[in-house]
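Everything below concerns the one structure shown next.
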Amino acid sequence: MTCRQMFRIAMLAGTVFAAPVAASAQQVEIGIAQPNLEHPYRVGGIERAKAWGAEHPDVKLTIVDGRRDSATQLSGVEDLITRHVSAVVLSPNDSKALAPIADAAKRANVPLIIFDRKLDVPETDFAAFIGSDNIEMGRVAARFVIEKIGEEGKVIQLEGTPGASATVDRKQGFEEEMAKHPGITVVSYVGHYRLQEAVAAMEDAVTAHRDVKAVFAHNDTMAMGAAQVLEEQRLEGVATVGMDGAKEGCEGVASGRLTGSVYYPTMFPESLDLAMKVLAGETVEKMTFLDTPMITKETHDTYCK
């Protein structure tokens with residue numbers, strides 16, 4: 001096989017498989033389980049994973065699409081374990097609903113590497129975690145909003161999928177920081193990390209709260225939805241802050257539609273490198289956290305490459 005790895009994509013029982021055309025008998029196989037493959041953040045992660053795969057022709061990548069459904073994702077990961085893949089790299093759709101997979105992986109002696117979102121199990125039940133501190137990300141966003149609006153005003157918070165650890169933690173960090181400023185009121189709506197749901201939620205929000213001074217969304221997709229509604233309603237001067245800092249967020253900041261975005265790494269190729277170290281028997285940190293700086297017009301060129 002050459003170093004230029006080719007992938008074939010097949011849809012099978014709700015699972016997307018990306019595999020090399022040929023595989024050696026001793027080939028390592030890593031299962032990548034994403035909660036969905038539609039969101040730009042997830043798409044960007046898979047693109048990076050495939051680029052890593054092209055440089056590692058001795059590794060087969062099998063990609064499982066959870067389709068935003070915990071039962072679907074659980075079934076897909078169970079299938080990976082049943083087929084005895086070398087390791088599973090998982091971002092759970094729901095931290096509690098996917099918890100049983102840790103025991104299944106442990107019993108099958110399949111190393112489980114968690115990325116992005118935490119799994120609601122003891123640290124002894126998985127090989128390693130790599131992600132960012134979502135609570136601190138919420139604090140970073142809150143401090144940035146306060147810097148923009150001062151000590152008084154109303155802030156709309158657009159939350160992600162209820163139950164996802166990123167949603168819980170980003171909300172906690174943001175609200176903890178905001179609680180230090182009694183002149184600021186935070187009003188929350190749920191947008192499920194999706195554009196249209198965020199647009200609908202924001203339309204309700206601005207109807208009830210025309211005096212909004214800032215919007216904090218748990219991802220850039222929802223932040224862009226909020227920006228769209230603010231433009232349609234001709235509400236100017238509202239600070240709009242998202243999270244992820246991928247292509248969508250970078251474009252939003254560059255265009256001025258977003259005031260800022262908290263950068264959140266896709267965890268690729270880092271999670272795959274971590275899996276390979278675990279498989280090689282190397283000692284790794286149980287919990288690894290990557291930096292999450294704020295992207296603004298001033299820092300755009302540093303983080304948006």
Side-chain angles (χ1 to χ4, degrees), residues 1-10 15-21 27-68 73 76-77 80 85-93 111-118 127-134 137 166 193 219-221 242-253 261-279 284-285 288-293 295 300-305:
M1 182 185 296
T2 65
C3 288
R4 188 179 182 85
Q5 189 177 31
M6 300 192 322
F7 292 89
R8 91 184 132 79
I9 306 296
T15 303
V16 174
F17 294 93
V21 172
Q27 188 177 49
V28 170
E29 180 178 3
I30 299 177
I32 301 174
Q34 290 272 28
N36 68 81
L37 293 179
E38 65 180 74
H39 188 276
Y41 174 78
R42 302 295 169 186
V43 173
I46 293 302
E47 288 175 351
R48 288 172 177 261
K50 289 182 177 180
W52 181 93
E55 297 175 355
H56 296 77
D58 55 334
V59 180
K60 176 182 179 181
L61 300 181
T62 302
I63 303 168
V64 174
D65 181 5
R67 297 189 174 184
R68 296 184 180 267
Q73 189 181 37
V77 180
L80 292 174
V85 295
S86 307
V88 171
V89 176
L90 166 70
S91 176
N93 184 65
L112 181 63
I113 291 83
I114 311 299
F115 73 95
D116 171 34
R117 299 174 177 178
K118 294 178 181 177
F129 168 86
I130 184 167
S132 293
D133 187 340
N134 280 287
M137 289 177 70
Y193 294 120
N219 74 350
D220 291 327
T221 296
M243 282 190 168
D244 289 345
K247 181 180 179 182
E248 189 175 30
C250 286
E251 290 177 350
V253 171
S261 174
V262 183
Y263 178 66
Y264 191 65
T266 65
M267 313 305 163
F268 290 97
E270 292 90 349
S271 59
L272 296 173
D273 290 334
L274 184 58
M276 294 298 284
K277 289 180 180 179
V278 170
L279 290 172
V284 300
E285 293 289 338
T288 300
F289 293 95
L290 304 180
D291 290 338
T292 56
I295 299 173
H300 176 276
D301 292 347
T302 300
Y303 303 111
C304 299
K305 297 178 180 178

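Computed from heavy atoms alone, side chains included, the values below leave out hydrogens, waters and symmetry copies.
- A donor-acceptor pair under 3.5 Å is absent between the side-chain atoms of Thr266 and the main chain of Gly45, judged by distance alone.
- For Ser132 (side chain) and Leu290 (main-chain N/O), a donor-acceptor pair under 3.5 Å exists by modelled atom type.
- In this view, Arg48 satisfies the salt bridge (charged side-chain N to carboxylate O under 4.0 Å, His left out) rule with no residue, not counting sequence neighbours.
- Under the 4.5 Å side-chain criterion, counting only non-hydrogen atoms from C-beta, Lys60 is not in contact with Val28.
- Looking only at side-chain heavy atoms (C-beta outward), Ile295 and Val262 stay at 4.5 Å or farther from each other.
- For Gly31 against Leu80, the heavy-atom pair with the smallest separation is CA-CD1, 3.9 Å.
- Shown here are the ring-ring contact (aromatic ring centres under 6.0 Å, His included) partners of Phe115, two or more places apart in sequence or in another chain: Phe268.
- Ala87 meets the side chain to side chain contact (heavy atoms under 4.5 Å, CB included) test with Pro111, Ile113, Leu279; sequence neighbours excluded.
- In terms of the side-chain hydrogen bond (donor to acceptor under 3.5 Å, both in side chains) criterion, Tyr263 has no residue partners (sequence neighbours excluded).
- The main-chain N or O of Ser91 is never found under 3.5 Å from a side-chain atom of Arg117 such that the two would form a donor-acceptor pair.
- Note on residues 267-278: no pairs pass salt bridge (Lys or Arg N to Asp or Glu O under 4.0 Å), not counting sequence neighbours.
- For residues 30-47, every residue pair satisfying the salt bridge (Lys or Arg N to Asp or Glu O under 4.0 Å) rule, not counting sequence neighbours, is listed here: Glu38-Arg68, Glu38-Arg194, Arg42-Asp116.
- Looking at Asp65, its side chain does come within 3.5 Å of a backbone N or O of Arg67 through a donor-acceptor pair.
- With sequence neighbours left out, the side chain to side chain contact (heavy atoms under 4.5 Å, CB included) criterion links Asp133 to Ile135, Glu136, Phe289.
- Side chain of Thr288 to backbone of Ile130: no donor-acceptor contact under 3.5 angstrom is found.
- Qualifying salt bridge (charged side-chain N to carboxylate O under 4.0 Å, His left out) partners for Glu285, counting only residues two or more places apart in sequence or in other chains: none.
- Between Val77 and Leu90 there is a side-chain heavy-atom pair separated by less than 4.5 Å.
- Listed by chain and number, the residues in a ring-ring contact (aromatic ring centres under 6.0 Å, His included) with Tyr303 amount to none (sequence neighbours excluded).
- Contacts of Tyr41 classified as ring-ring contact (aromatic ring centres under 6.0 Å, His included), with partners at least two apart in sequence or in another chain: Tyr264.
- When the side-chain hydrogen bond (donor to acceptor under 3.5 Å, both in side chains) test is applied to Gln73, no partner is found at least two apart in sequence or on another chain.
- Ile30 places none of its side-chain heavy atoms less than 4.5 Å from the side chain of Val88.
- Residues forming a side-chain hydrogen bond (donor to acceptor under 3.5 Å, both in side chains) with Thr221 (at least two apart in sequence, or on another chain): His39, Glu248.
- At distances below 3.5 Å, not a single donor-acceptor pair connects side-chain atoms of Asn36 with backbone N or O atoms of Gly66.
- Of all the heavy atoms in Pro265 and Thr292, the pair that sits closest is CD-CG2, 4.3 Å.
- Here the side chains of Val59 and Met276 are in contact, with some heavy-atom distance below 4.5 Å.
- Atom CG of residue Asp220 and atom CD of residue Glu251 lie 10.5 Å apart, to the nearest 0.5 angstrom.
- Contact annotation: the side chain of Ile32 approaches that of Leu272 to within less than 4.5 Å [non-hydrogen atoms, C-beta and beyond].
- Judged purely by atom type and a 3.5 angstrom limit, His300 has no side-chain atom pairing as donor or acceptor with the backbone of Val253.
- Formation of a donor-acceptor pair under 3.5 Å by the Asp58 side chain with backbone atoms of Gln27 is not found in this model.
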